[in-house]
Trainee: 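One structure follows; several queries about it will come next.
Atom set for the values below is all heavy atoms of this structure, side chains included, hydrogens, waters and symmetry mates excluded. Since we're looking at a predicted model, the values are computed, not measured.
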Amino acid sequence: MCKRILINLLLVFISLIVIEGYCFYKTKAENETFKKQADRLESNNTRGYETKYRLLKPFSPTIFRTSFIKDNTQKSIIWFGCSFAEGAGLDDNQTPCYKISELTGKSCINKAKGATGTQFMLYQLENDDIIDENVDYVIYIFIWNHIQRLYNYQVNPLIDMFNLRYEITNNGLKNVTPNCNPLYSSFFIKRLLNKKIYNQANKESLDFQLFNAVMEKSVEITKKKYPNSKFIMVEFPELSRKELSEYEIKKLERMGITVVKAANLIGDINIYEKKYWLPDNIHPTEEAWDLVLPKLKEKYMN
């Protein structure tokens, strides 16, 4: 009897190893495709940092693009966002951080990073040493996909370095990122959770509860660290053409956020024209930022 139980347990164990191995190699193949896409976006000679996403740790100096520091001023801009804000596919002197620094004459501390979202901004504000008493502006470039990333990147096996998990509890917003959890490290378990995560992300796009909580906490920290700063959130259009509703924007404004829709800044110009998007990677071109940023500076940064 004991021998049969041991044999059955061994068979179950072997089956689990085979399943986990299959999920690992399937994920590995997907990850290679992901890295090739990232390498294509970061192929410019001026991109001096590593692009092996799974090997990087948050806040390594190699994972951020260049910041632009002005010697003639102590005033600074802290720049948050994903690959849009980072300037994927652009040379350093074409990136929005460089351009806003040139337009304002202020230093721009670049904390944007491709494949991240709102929770990565919050995590940096909570943990990263970017204290600067003379910060004038904290600018967050928002795209609609950040709503999905609040949940998707919690269990996505391709984005291990950005698996930041937040939940709303009775005591407020809480970071619940698992540490040393073997099940959380299982590629099989992560794939099982994908359907649940999709449903969570879909619900979030309807009520914005977690997004609002993350934004409110980010503003709260900003006010404490940089009391003289202005928090600006710029909604940049996506080719999906999804955007925040006026109702949601008013919620953000009540938190003390200046919400700016890039499409409104440029008036009748069609931001969806091909010349404003890099071919094959759906990121803004230099021309797109040249449309938006001068208007942003003129109307909201004087």
Side-chain angles (χ1 to χ4, degrees), residues 58-59 78 80-82 85 111-113 115-128 130 138-186 189-227 229 231-236 238 240 242-259:
F59 314 130
I78 303 181
F80 290 109
C82 62
K111 288 297 177 179
K113 180 59 187 171
T116 66
T118 314
Q119 69 271 46
F120 192 58
M121 173 180 67
L122 172 57
Y123 188 77
Q124 289 181 86
L125 285 169
E126 287 182 321
N127 299 281
D128 198 9
I130 49 176
V138 175
I139 300 180
Y140 163 48
I141 305 299
F142 166 82
I143 64 172
W144 180 265
N145 192 250
H146 292 178
I147 300 297
Q148 183 174 356
R149 292 179 192 183
L150 276 171
Y151 292 100
N152 186 38
Y153 283 7
Q154 291 182 10
V155 297
N156 191 322
L158 303 181
I159 321 289
D160 284 349
M161 68 171 282
F162 300 128
N163 275 329
L164 298 171
R165 301 180 62 192
Y166 288 89
E167 288 182 0
I168 300 174
T169 67
N170 292 333
N171 297 321
L173 194 65
K174 182 180 179 182
N175 187 332
V176 291
T177 304
N179 293 312
C180 302
N181 185 337
L183 288 179
Y184 186 77
S185 301
S186 166
I189 296 297
K190 288 180 178 182
R191 287 184 173 277
L192 284 180
L193 289 172
N194 275 345
K195 180 66 179 298
K196 176 185 176 184
I197 292 303
Y198 176 82
N199 290 334
Q200 285 180 316
N202 187 55
K203 182 177 182 296
E204 179 67 24
S205 68
L206 300 176
D207 60 30
F208 299 95
Q209 287 189 17
L210 184 57
F211 174 73
N212 285 331
V214 170
M215 291 302 296
E216 189 168 24
K217 185 69 173 179
S218 297
V219 173
E220 177 186 322
I221 296 172
T222 299
K223 287 179 179 178
K224 289 181 180 178
K225 284 189 174 182
Y226 321 116
S229 67
F231 195 112
I232 301 176
M233 172 179 151
V234 180
E235 181 178 17
F236 205 97
E238 280 188 281
S240 68
K242 292 182 178 179
E243 58 183 14
L244 294 173
S245 68
E246 288 301 316
Y247 178 77
E248 175 58 23
I249 289 173
K250 289 186 184 305
K251 278 188 178 180
L252 295 168
E253 290 175 339
R254 285 196 291 270
M255 297 176 195
I257 300 172
T258 299
V259 182

Trainee: With no hydrogens and no angle check, is any side-chain donor or acceptor of Lys111 less than 3.5 Å from a backbone partner on Ile78?
Mentor: no
Trainee: Say you draw a straight line from CG of Asn212 to CE of Met255; how long is it, rounded to the nearest 0.5 Å?
Mentor: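 Going from CG on Asn212 over to CE on Met255, the span is 4.0 Å.
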Trainee: With under 30° as parallel and over 60° as perpendicular, where do the rings of Tyr140 and His146 fit, or are they tilted in between?
Mentor: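 Aromatic pair Tyr140/His146 classed parallel.
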Trainee: My understanding is that only residues two or more places apart in sequence, or in another chain, count here; which of them pass side-chain hydrogen bond (donor to acceptor under 3.5 Å, both in side chains) with Asp207?
Mentor: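 Residues passing side-chain hydrogen bond (donor to acceptor under 3.5 Å, both in side chains) with Asp207: Lys203.
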Trainee: Would you say Cys82 and Phe120 make side-chain contact, with heavy atoms under 4.5 Å?
Mentor: no
Trainee: If we only count heavy atoms from C-beta on, is the Asn175 to Leu122 side-chain gap below 4.5 Å?
Mentor: no
Trainee: Rounded to the nearest 0.5 Å, how far does CD of Gln119 lie from CD of Gln124?
Mentor: 11.0 Å
Trainee: Taking the side chain as everything from C-beta on, heavy atoms only, tell me whether Leu252 gets closer than 4.5 Å to Leu244.
Mentor: yes
Trainee: Starting at CZ of Phe80, measure out to CZ of Phe231 and round the result to the nearest 0.5 Å.
Mentor: 7.5 Å
Trainee: Any chance you could measure Trp144, atom CH2, to Glu238, atom CD, to the nearest 0.5 Å?
Mentor: 9.5 Å
Trainee: Do the non-hydrogen side-chain atoms of Met215 and Met121 ever get within less than 4.5 Å of each other?
Mentor: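 In short, these two side chains touch, coming nearer than 4.5 Å.
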Trainee: Can you tell me how far the CG atom of Asn145 sits from the CG atom of Leu150, to the nearest 0.5 Å?
Mentor: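 Separation between the atoms: 10.0 Å.
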Trainee: Is the shortest side-chain heavy-atom distance between Ile147 and Phe142 below 4.5 Å?
Mentor: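 Yes - at least one pair of side-chain heavy atoms lies under 4.5 Å apart.
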Trainee: What's the separation between atom CE in Met233 and atom CD1 in Ile139, rounded to the nearest 0.5 Å?
Mentor: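 Reported to 0.5 Å precision, the distance equals 13.0 Å.
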Trainee: Please check this pair: side chain of Arg149 against backbone of Thr118, looking for a donor-acceptor N/O pair closer than 3.5 Å.
Mentor: no
Trainee: Would you call Lys217 and Glu220 a salt bridge, using N to O less than 4.0 angstrom?
Mentor: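 Yes, this pair counts.
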